[in-house]
Structures are given as structure tokens and as C-alpha cells.
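Keep in mind that this is a model prediction, so the values were computed, not measured.
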Amino acid sequence: METGSMADSLLSGACVVFTLGMFSTGLSDLRHMQRTRSVDSVQFLPFLTTDVNNLGWLSYGVLKGDGTLIIVNAVGAVLQTLYILAYLHYCPQKAKVIQTKSTHRLSFSLTIATLLTSASWSLYGFRLRDLYIMVPNLPGILTSFIRLWLFWKYPPEQDKNYRLLQT
């Protein structure tokens, strides 16, 4: 096996593992919604944007004939749709939004998973010299660093507003 092909296979594998890992972080939100029968502290927007993103990338993967893109985004679209349906099932009619400086509404595991996934896909796109794969993943890297900064600035153990979220 030539070196470039081996590197491409390893990078493709890393993309698959990190992306499926990122999608699986929603399982903890799903379990939380089932256990509490509510959507308290679960964000809807990441499920929706990831689902739309998966469907777009799935279409691109089919057009390009890229098995890595097809497999990952088909699995992602199914999981994200499942998370959306569960969210809608447990969502109260009148949702209250508490404006706080609390990181308890952010998922640290999703932040790390998004950083690893976006970085690996950007490297995959860079390796293939495909800007259509590389560039759309750069915002994921940026927003992950912003969220990490928020976790640093507002650490959960020092979060005074957390009790408001539990009431």
C-alpha cells in the first residue's frame, strides 16, 4: 500500500470514528430526556443544524461517490432525526429561557467531539485538496474553541446560576 493511500485511509478512519463519536454524544441527551421526561438543559439547535448538515453532506457524498461521506452522514442523519423526534416528544408547550452565564446548558463532551470531528474533516479535505470538505468544517473548529473558552470562563463548579436551571 502506498504511503499517500495509507494516510488517506487513516485520516478517513479518524473522520468516521470522531464523527460517529460526536453523534453518539446525543445519546446522553436522549437518555436524560427519557429519564426526566423533559428537555430541561438539552439544546434543540445543535440537533437541527447537525441534521441539516448531515443531509447536505450526504447529498455531496452521493454526488462525489465518497463512501466515507455517505456512511457517516447517513448514520448521522438517522441519529439526529431520532434526537429531534425525542426532543419534540418531551418538549413542554411553554419553554422558559433563562438568560444566565451558565455552562450547564452546554455539553462539554459535544464540544470536544465537535472539535475533533471538525478538525479531522478539515484535515481530510486538506489532504484530498477538496475545499468543499475542508472549509465548511472550519466554523466547527472556531465554535468549539469559543465553547471551550466559555467553559474556562464559567466553570460548572463555580456556576452560581445552576440552581436556577434546576427549579
Side-chain angles (χ1 to χ4, degrees), residues 13-62 68-122 124 133 135-167:
C15 289
V16 170
V17 169
F18 289 141
T19 304
L20 294 179
M22 180 183 74
F23 296 153
S24 71
T25 61
L27 292 173
S28 62
D29 288 334
L30 183 61
R31 282 191 297 274
H32 174 77
M33 288 185 284
Q34 288 174 324
R35 188 176 63 251
T36 63
R37 304 190 64 70
S38 77
V39 295
D40 183 41
S41 79
V42 176
Q43 299 176 25
F44 177 76
L45 193 56
F47 296 143
L48 179 62
T49 57
T50 303
D51 201 16
V52 170
N53 189 36
N54 286 140
L55 293 171
W57 281 110
L58 177 60
S59 300
Y60 178 68
V62 168
T68 300
L69 289 171
I70 293 169
I71 291 168
V72 166
N73 289 291
V75 170
V78 168
L79 288 174
Q80 297 305 318
T81 300
L82 172 68
Y83 300 153
I84 288 170
L85 292 173
Y87 188 95
L88 294 174
H89 176 73
Y90 293 114
C91 185
Q93 298 235 336
K94 295 180 180 179
K96 294 181 181 179
V97 176
I98 300 173
Q99 298 282 334
T100 67
K101 294 179 179 178
S102 171
T103 56
H104 285 283
R105 297 188 64 83
L106 296 177
S107 170
F108 186 76
S109 60
L110 179 60
T111 300
I112 296 299
T114 301
L115 177 61
L116 293 173
T117 301
S118 297
S120 65
W121 279 110
S122 290
Y124 181 70
I133 295 174
V135 173
N137 285 286
L138 295 176
I141 295 170
L142 177 64
T143 58
S144 293
F145 279 122
I146 291 169
R147 291 174 77 153
L148 286 171
W149 176 79
L150 289 170
F151 278 106
W152 172 78
K153 184 167 174 118
Y154 306 113
E157 63 272 358
Q158 295 178 359
D159 190 348
K160 296 174 187 118
N161 296 317
Y162 181 61
R163 292 181 191 180
L164 291 175
L165 295 173
Q166 293 181 333
T167 59

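Nearest approach of P46 to Q80, heavy atoms of both residues: O-OE1, 4.3 Å. Looking at every heavy atom in both residues, A77 comes nearest to D51 through O-OD1, 3.2 Å. Summarising the geometry of N137 relative to I133, their closest heavy-atom pair is ND2-O, 2.7 Å, with the distance given to 0.1 Å. Scanning all heavy atoms of the two residues, the minimum distance from S120 to A14 falls at OG-O, 4.1 Å. Shown here for Y83 and M33, the closest heavy-atom pair between the two residues is O-CE, 4.2 Å.
Between W149 and W152, the ring-plane angle classifies as tilted under the 30° and 60° cut-offs. Aromatic ring pairs are classed by plane angle as parallel below 30°, tilted from 30° to 60° and perpendicular above 60°; the pair Y87 and F47 is perpendicular.
Separation of atoms OG1 (T49) and CG (N54) is listed at 9.5 Å; rounding is to 0.5 Å. In this structure, I112 CD1 and L148 CG are separated by 4.5 Å, a value rounded to the nearest 0.5 Å. Here the straight-line distance linking atom CG of L30 with atom CZ of R35 works out to 11.0 Å at 0.5 Å rounding. From L27, atom CG reaches atom OG of S109 across 10.5 Å, with rounding to the nearest 0.5 Å. Rounding to the nearest 0.5 Å places CG of L20 at 10.5 Å from SG of C15.
For T111, the side chain to side chain donor-acceptor pair (under 3.5 Å) partners are R147, not counting sequence neighbours. Residues passing the side chain to side chain donor-acceptor pair (under 3.5 Å) test with T117: none are found, sequence neighbours excluded. By the ring pair (Phe, Tyr, Trp, His ring centres under 6.0 Å) test, F18 is found to be paired with no residue, residues two or more places apart in sequence or in another chain being considered. The side chain to side chain contact (heavy atoms under 4.5 Å, CB included) search around S28 returns R31, not counting sequence neighbours. Partners of T143 under the side chain to side chain donor-acceptor pair (under 3.5 Å) rule, at least two apart in sequence or in another chain, do not exist in this structure. Residues that satisfy the ring pair (Phe, Tyr, Trp, His ring centres under 6.0 Å) test with F151, not counting sequence neighbours, are F108.
No side-chain heavy atom of L69 sits under 4.5 Å from any side-chain heavy atom of L58. Using a 4.5 Å cut-off on side-chain heavy atoms (C-beta onward), V72 and W121 make contact. In this structure, L55 and N73 have side chains that are not in contact, with every pair of non-hydrogen atoms separated by 4.5 Å or more. Contact check for L138 versus I141: side-chain heavy atoms found under the 4.5 Å cut-off.
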